Amino acid sequence: MSKRFYITTAIDYANGSPHLGHAYEKVLTDIVARFRRLQGDEVKFLTGLDEHGQKVQMSAQKCGVEPIEVCDRLAGEFQGLCARLGISNDDYIRTTEGRHKAVVQEVLQKLYEKGEIYKAEYAGFYSPRQEQFVTEKEKVDGEWPEIFGEVEEVVETNYFFKLAQYQDWLVETIRENEAMIYPRFRAADVLQFLKEPLNDLCISRPKTRLEWGIELPFDADFVTYVWFDALTNYITAAGYGTDAFSENWPADYHVIGKDILVPPHAVYWPIMLKALGLELPRHYLVHGWWLSSGSKMSKSTGEVVDPLTLIEQFGADAFRYFVTREMNVGQDSEFSLELFMSRYNSDLANDLGNLVSRLLNMGGRYTEGKVPKATIEGEPEQALKAVWEVTKAELVPLYEGFQFHRALERIFGFISAINKYAETRAPWKLAKSEAEEDREKLETSLAVMAEALRLSMVLLTPVMPEISSKVRALIGAESFESLKGQLDWGTSLAGASLGEKAILFPRPERN
RNA sequence: GCCAAUGUAGCUCAGUGGUAGAGCAGAGGACUCAUAAGCCUUUGGUCGGCAGUUCAAAUCUGCCCAUUGGCACCA
């Protein structure tokens, strides 16, 4: 079979509850995945949880439970978030799963046998109180701060992965593949990092310091530490070592935050793959951060607002719309309750929700709850269709280029044009006329509004899947799997039954 | 210090050489099918600063300023 379109998010660290950043990355990836499915690709969409490491072990100790219990609880929370957001992932990987441990150990063994991993001693300053090594940089006024307690110099043995020998190859690869990293300016950060000589990467921890990890296959006194555990998830889920692997790998997109591009995803991961003789991921989609994320003071009430509560209050699609409309992928963006409410009220409730509401209502009053037939084509109809043609032509390239904020701007511009069209035809005035010509105009106007709404919902599907199918059901449009043929202005709705009056985006209670 | 991104109307942003744009917010108006919604009109900007290239610069070049991020012997 032909290769799937394989897209991943970063796996979340089991060290705290989900926040806006986690939710955003899932939504962004989901939009790409859904768009590709509409374009006819078979998609594999992976997300998951990174469960090993010191912090997980410590927080379990603090609670007096086993680490896996902490992980189970958080896995539940993160998977619950995905479900609530309508994320269409078809796999969810947890790094404590057997399938993952097996791949990590296989990979480590292979590289060890190839001589890519070696054992060495390191001398450094260790803080038993913080259970971590400290560096000269952390000194304040020539002393380590009180929180570190007694700092002692220790010598420790560990395993290292050889990075430096691949440095020139990596620089060359990134230079030659301009499209590898989106947005492109991020590649400059990688190349700058690679101007300095690479040090080999420490990939183990002695079990005396860290138990909660995957054991090295060639030395039972150690577990592997972070990168070989976390990054490897991408090939585990792709079916490394099975026939399925070639159908999935290489990944088409790793969607990640800007903080984990350099060095892990753009340096360690490609070198790990190269050493294993595997192909590199084709692209990285690197997004920015939400500023003031997690919470924001509401100016009016002084209350702290958790963005994720907005999902419960206003629905997953409203949340998806907001983060997609506001974020220019790759840049940072501001989150505030005021901005959210502004988008919700004016774009969703007033422009879209109210349009659906008035169409259903008029259909019930004037055309017996059916979508009538469009029989005339006057200047207003031509004008609206002209707007549609422009919108349609722009949208696919915008989606393909990750310009989702602009895509939504265009779609809602078209929705606004439907409202303008309604004002021009004013079916509520035509309904008062006895003239045959006015009756035709009335029926045409409702048919045109319904068809235009159907078209806009097709384009909106990747971002607002739930609302899209809800509106399509209300206007009698059939469901669809592929974009093919769906974007052509047609008459398929004629005769369809309109749904009961519906409020898609209720206004919040006013205090 | 080095590198990068960003800096356009009160707010969020579009606009990469040819007389400053959109949405929201504000003001006024006509209408009434609709979620006190929608529609029309309108106030508002020396496009961060300085200099340069050009017949012409928000748009190209240089310098500067501000904000943010990357540049950790993370053992």
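Residue numbers begin at 1 in each chain, while the letters A, B, ... track the order of the sequences. Worth saying up front: this structure is predicted, and the values here are computed from it rather than measured.
- Residues Y182(A) and Y284(A) place their aromatic rings such that the two centres sit no closer than 6.0 Å.
- The distance from atom OH of Y366(A) to atom P of U32(B) is 10 Å, rounded to the nearest whole Å.
- When distances run from any side-chain atom of Q192(A) to the nucleotides A72(B), G38(B), G70(B), the shortest one goes to G70(B).
- Listed nucleotides U12(B), C40(B), A37(B) differ in distance to N354(A); the shortest reach to its side chain belongs to A37(B).
- Across the strands present, A27(B) finds its partner in U41(B); the criterion is a Watson-Crick or G-U wobble pair with both atom distances under 3.5 angstrom.
- R325(A) comes within contact range of no nucleotide atom at all, as no heavy-atom separation falls under 4.0 Å.
- The separation between L355(A) atom CG and G38(B) atom C1' is 9 Å, rounded to whole Å.
- The distance between the ring centers of F404(A) and F35(A) does not fall below 6.0 angstrom.
- For the pair H405(A) NE2 and A22(B) P, the interatomic distance rounds to 18 Å; values are reported in whole Å.
- For G38(B), one of the phosphate oxygens OP1 or OP2 lies less than 4.0 angstrom from a side-chain nitrogen or oxygen of N350(A).
- Remark: U19(B) base-pairs with no nucleotide in the shown strands. Criterion, Watson-Crick or G-U wobble with two distances under 3.5 Å.
- Of the candidate nucleotides C31(B), G38(B), A5(B), A5(B) has the atom lying nearest to any side-chain atom of Q331(A).
- Rounded to a whole angstrom, the distance from the C1' atom of A72(B) to that of C2(B) is 15 Å.
- The aromatic rings of H265(A) and H254(A) sit perpendicular, their planes meeting at an angle over 60°, well past the 30° parallel limit.
- Proximity note for K258(A) (side chain, C-beta onward) versus U32(B), U68(B), G38(B): the nearest is U68(B).
- Using a 4.0 Å cut-off, some side-chain N or O of K501(A) falls inside it from OP1 or OP2 of U35(B).
- Looking at E443(A) and Y366(A), their side chains never bring a donor and an acceptor atom within 3.5 Å of each other.
- Atom P of nucleotide G21(B) and atom CZ of R406(A) are separated by 19 Å, given to the nearest angstrom.
- Look at the C1' atom in both G28(B) and G15(B): the space between them is 29 Å, to the nearest Å.
- Using a 4.0 Å heavy-atom distance criterion, F340(A) is classed as making no nucleic acid contact.
- Side chains of Y118(A) and D200(A): a donor-acceptor N/O pair is present below 3.5 angstrom, by distance only.
- Considering only side-chain atoms of R358(A), the nucleotide from G23(B), G38(B), G70(B) that sits closest is G38(B).
- As a whole-Å value, the separation of E326(A) CD from A22(B) C1' is 14 Å.
- Separation of the P atoms belonging to G45(B) and U53(B) is 30 Å when rounded to the nearest angstrom.
- Taking for each of S204(A) and S346(A) the nucleotide of RNA chain B with the nearest heavy atom, the 5'-most of the two is the partner of S346(A).
- Rounded to whole Å, the P atom of U43(B) lies 11 Å from the corresponding atom of A22(B).
- Atom NZ in K195(A) sits about 12 Å away from atom C1' in G70(B), given to the nearest Å.
- Looking at heavy-atom distances under 4.0 Å, N328(A) makes contact with sugar-phosphate atoms alone, never a base.
- Rounded to a whole angstrom, the distance from the P atom of C64(B) to that of G1(B) is 10 Å.
- Side-chain contact check for N158(A) and S204(A): at least one donor-acceptor pair (N or O, by modelled atom type) lies under 3.5 Å.
- For U42(B) and U54(B), the C1' atoms lie 37 Å apart once the distance is rounded to whole Å.
- To the nearest whole angstrom, the two C1' atoms, one in A36(B) and one in C31(B), are 14 Å apart.
- Of the candidate nucleotides C24(B), C40(B), G69(B), C24(B) has the atom nearest to the side chain of S342(A).
- Nucleic acid contact for E409(A): none, since no nucleic acid atom lies under 4.0 Å from a heavy atom of the residue.
- Note on S357(A): every side-chain N or O is 4.0 Å or more away from OP1 and OP2 of G38(B).
- Backbone-only engagement by S416(A) is indicated by non-hydrogen atom pairs under 4.0 Å involving sugar-phosphate atoms exclusively.
- Taking a pair to require two hydrogen-bonding distances under 3.5 Å in either a Watson-Crick or a G-U wobble arrangement, A5(B) pairs with U67(B).
- Remark: P of A34(B) and CZ of F505(A) are 20 Å apart, rounded to the nearest angstrom.
- Base contact: N158(A) has a heavy atom under 4.0 Å from a base atom.
- A side-chain donor from one of K420(A) and S416(A) sits under 3.5 Å from a side-chain acceptor of the other.
- Residue A188(A) is classed as having no contact, given no heavy-atom separation below 4.0 Å to the nucleic acid.
- Side-chain proximity of F185(A) to the nucleotides U35(B), G38(B), A5(B) is greatest for A5(B).
- Ring geometry, W290(A) versus F335(A): the interplanar angle exceeds 60°, so the pair is classed perpendicular (tilted spans 30 to 60°).
- Taking side-chain N and O atoms only, N361(A) has a distance below 4.0 Å to OP1 or OP2 of A34(B).
- For U61(B), the paired base is A51(B) (Watson-Crick or G-U wobble, both distances below 3.5 Å).
- OP1 and OP2 of A5(B) both lie 4.0 Å or more from every side-chain N or O belonging to R184(A).
- For R365(A), whose side chain is taken as the heavy atoms from C-beta onward, the closest listed nucleotide among A34(B), U68(B), A5(B) is A34(B).
- Side chains of Q313(A) and Y344(A): a donor-acceptor N/O pair is absent below 3.5 angstrom, by distance only.
- Atom CD1 in I415(A) sits about 17 Å away from atom C1' in C39(B), given to the nearest Å.
- OP1 and OP2 of C33(B) both lie 4.0 Å or more from every side-chain N or O belonging to R425(A).
- Between U16(B) and G21(B), the two C1' atoms lie 15 Å apart (nearest whole Å).
- When distances are taken from the side chain of L504(A) to each of A34(B), C73(B), U35(B), the shortest belongs to U35(B).
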